[in-house]
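Per chain, numbering begins at 1; letters A, B, ... match sequence-line order.
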Protein chains: 2
Amino acid sequence: MNIRTLCLGILSFQEASGYEIKKEIEEGMFSHFIDASYGSIYPALSQLNAEGLVTVRAEEQTGRPDKKVYSVTDAGRAALAKGLLVIPARDKYKSEFLFEMLFKNMLPDAHIRLAIEKQLHDLREDLSRMAECRAEGQTNEGSEFIMGYGEAVLTAGAKYLEAKIAELQPNIKLAAE
Amino acid sequence: MNIRTLCLGILSFQEASGYEIKKEIEEGMFSHFIDASYGSIYPALSQLNAEGLVTVRAEEQTGRPDKKVYSVTDAGRAALAKGLLVIPARDKYKSEFLFEMLFKNMLPDAHIRLAIEKQLHDLREDLSRMAECRAEGQTNEGSEFIMGYGEAVLTAGAKYLEAKIAELQPNIKLAAE
DNA sequence: TGAGCATATATCAATTTGGCATATAGCAAA
DNA sequence: TTTGCTATATGCCAAATTGATATATGCTCA
């Protein structure tokens with residue numbers, strides 16, 4: 001699936017500028033499983049516009065470039081529906097964290113601890129972003145599904161890491177006994 | 001973290017050719033959280049060789065190009081250790097599956113079912129690959145950690161999907177009652 | 001006052017992907 | 001038996017994507 005379909009999908013929920021799409025991808029519901037940079041979003045929107053799948057409306061701003069607000073056309077909605085009808089490609093997951101952990105015995109304990117805590121922090125951040133999106137309403141059957149999935153997966157990861165951190169501190173446990 | 005460090009890490013376990021590194025990334029322990037193509041692996045190995053971080057040995061083959069077997073040098077091991085001492089970047093996760101599910105209500109039930117079953121299949125494949133790696137031995141503290149993490153996360157995802165599939169088939173359940 | 005962040009678009013070198021080319025051998029199905 | 005598929009093995013290349021930077025301004029916090 002290409003970025004064009006992605007933008008089309010996001011715009012099908014609400015008209016938005018390139019900047020707003022990026023924000024949605026970074027902070028919104030999509031953040032858990034989508035990643036895209038300006039360098040791909042802006043060209044994608046131009047192309048979609050050229051293909052007649054979206055329309056643009058320039059909103060004047062003072063002191064900033066005009067905001068270009070994109071809306072999906074009927075042709076765009078049709079293209080989206082068609083683009084969604086493929087069996088999805090396998091998930092792509094890249095984790096520098098897990099790669100580093102593979103070399104646990106080569107690295108100082110303090111670094112391992114930091115890395116695990118960072119990962120745990122990231123997972124919790126992701127979880128709370130989802131909780132926020134839920135709280136803000138705007139949920140439909142689809143978003144319920146993906147948030148349920150995300151919560152299941154992230155919670156399982158966090159639990160695992162919490163247990164591992166506890167193991168790292170046997171001294172503290174002993175002191176408490 | 002760049003592909004060069006990745007190759008260095010994989011080679012630190014065992015000398016290998018570019019082809020073998022790719023296989024390891026596709027089928028081995030690394031498959032869960034690493035992805036890389038020939039187009040990045042081969043140039044990375046050439047560069048590592050030019051930098052003196054690995055050495056090459058050509059193994060003659062009949063009917064195939066010579067196998068170029070790469071081994072890490074001491075300088076390479078040092079570079080790896082240094083490269084691992086950064087706080088890992090945030091995980092990157094891209095899922096066309098979840099994106100599609102967001103549009104559940106727009107898509108035919110049959111397609112949704114297929115997509116979920118495909119995802120479940122992928123998760124199980126990933127899980128069994130890990131189980132295999134465990135069975136084959138070759139485990140260390142690091143690989144135990146990452147396989148534990150992977151199992152936790154994948155199992156949680158699979159459980160969630162199994163429950164959702166069950167929900168999709170209330171008719172079958174009713175028939176069984 | 002000044003640093004840093006948010007808004008907003010856009011470009012671009014560097015990286016990375018995914019498909020193709022090349023070459024051969026083995027195996028299974030038509 | 002021939003045809004097509006898979007595995008081995010390296011490498012190239014167009015196309016897609018990233019991540020950083022440029023440009024411009026107003027707001028907030030110390």
Side-chain angles (χ1 to χ4, degrees), chain A residues 1-7 10-11 15-28 30-31 33-51 54 56-70 83 86 88-94 96 99, chain B residues 1-7 10-11 15-28 30-31 33-50 54 56-70 83 86 89-94 96 99:
Chain A
M1 187 179 307
N2 48 26
I3 291 195
R4 285 203 316 289
T5 310
L6 221 77
C7 289
I10 293 172
L11 289 174
E15 58 169 26
S17 65
Y19 186 79
E20 284 161 349
I21 288 176
K22 172 73 165 141
K23 245 180 77 182
E24 196 58 37
I25 287 175
E26 260 172 3
E27 300 164 26
F30 308 98
S31 64
F33 58 94
I34 289 182
D35 211 3
S37 59
Y38 289 123
S40 60
I41 292 170
Y42 284 120
L45 291 172
S46 298
Q47 214 181 314
L48 286 171
N49 185 43
E51 289 167 11
V54 300
V56 205
R57 167 170 56 80
E59 255 179 36
E60 278 178 49
Q61 314 248 131
T62 54
R64 285 181 236 299
D66 282 6
K67 190 198 262 194
K68 292 187 184 174
V69 182
Y70 293 87
V86 295
R90 199 189 184 90
D91 287 356
K92 275 176 199 171
Y93 175 55
K94 288 195 189 188
E96 288 190 10
F99 185 72
Chain B
M1 188 179 308
N2 48 26
I3 291 196
R4 287 203 315 289
T5 310
L6 220 78
C7 289
I10 293 172
L11 290 174
E15 58 168 28
S17 64
Y19 186 79
E20 285 161 349
I21 288 176
K22 172 74 165 140
K23 245 179 76 181
E24 195 59 38
I25 287 175
E26 259 172 4
E27 300 164 25
F30 307 100
S31 64
F33 58 95
I34 288 182
D35 210 3
S37 59
Y38 288 125
S40 60
I41 292 170
Y42 285 120
L45 290 171
S46 296
Q47 214 182 316
L48 285 171
N49 185 42
V54 301
V56 206
R57 168 170 55 80
E59 255 179 37
E60 278 177 50
Q61 313 247 134
T62 55
R64 285 180 237 298
D66 282 5
K67 189 197 265 194
K68 292 187 184 174
V69 182
Y70 293 87
V86 295
R90 198 187 184 92
D91 287 357
K92 276 177 199 170
Y93 176 55
K94 289 194 188 187
E96 288 189 11
F99 185 73

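The side chain of K22(A) contributes no N or O atom lying less than 4.0 Å from OP1 or OP2 of dA6(C).
One finds the OG atom of S31(A) at 7.5 Å from the CZ atom of R90(B) (value rounded to the nearest 0.5 Å). Between L6(B) atom CG and S40(B) atom OG the span is 8.5 Å, to the nearest 0.5 Å. To the nearest 0.5 Å, atom OH of residue Y42(A) and atom CD1 of residue I21(A) are 9.0 Å apart.
Judged by closest nucleotide on DNA chain D, P65(B) is the one of R64(A) and P65(B) placed further toward the 5' end. Both D35(B) and V69(A) sit near DNA chain C, but only V69(A) has its closest nucleotide nearer the 5' end. Along DNA chain D, the nucleotide nearest K92(B) and the nucleotide nearest K23(B) are compared for position; the residue whose nucleotide lies closer to the 5' end is K23(B).
From one end of the helix from dT1(C)-dA30(D) to dA30(C)-dT1(D) to the other, with five pairs defining each end axis, the axis direction shifts by 40° (rounded to 10°).
For the residue pair S46(A) / N49(A), no side-chain donor-acceptor distance below 3.5 Å is found, with atom types taken as modelled.
Distance I3(A) CD1 to dT17(C) P: 14 Å, rounded to the nearest Å. Atom CG of L6(B) is separated from atom P of dT15(C) by 15 Å (rounded to the nearest Å). Whole-Å rounding puts the E20(A) CD to dA6(C) P distance at 15 Å. Between the CG atom of D66(A) and the C1' atom of dA10(C) there is a distance of 14 Å, given to the nearest Å. Distance, E26(B) CD to dT17(C) C1': 13 Å, rounded to whole Å.
R57(B) meets the side chain to side chain donor-acceptor pair (under 3.5 Å) test with E15(B), E59(B); sequence neighbours excluded. For D91(B), the side chain to side chain donor-acceptor pair (under 3.5 Å) criterion is met by Y93(A), S95(A), Q119(A), not counting sequence neighbours. Evaluation of the ring pair (Phe, Tyr, Trp, His ring centres under 6.0 Å) rule for Y19(A) yields no partner, not counting sequence neighbours.
Of the residues in residues 36-47 of chain A, those with a non-hydrogen atom less than 4.0 angstrom from any atom of DNA chain C are Y38(A), G39(A), Y42(A).
Although no hydrogens or angles enter the test, the distance criterion places no donor-acceptor pair under 3.5 Å between the side chain of Q61(B) and the main chain of K67(B). Although no hydrogens or angles enter the test, the distance criterion places a donor-acceptor pair under 3.5 Å between the side chain of K22(B) and the main chain of A36(B).
Boundaries of the chain B contact region on DNA chain D are dA7(D) to dG19(D), first to last in 5' to 3' order (nucleotide atom under 4.0 Å from a heavy atom).
The closest side-chain heavy-atom distance from I10(B) to F30(B) is below 4.5 Å.
Here S17(A) lies in heavy-atom contact (under 4.0 Å) with sugar-phosphate atoms only.
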Practice item. Please assess L11(B) against L45(B) for the test side-chain contact (heavy atoms from CB on, under 4.5 Å), listing each intermediate value before the final yes or no. Key: CA-CA 10 Å; L11(B) 290 174; L45(B) 290 171; 3.9 Å; yes
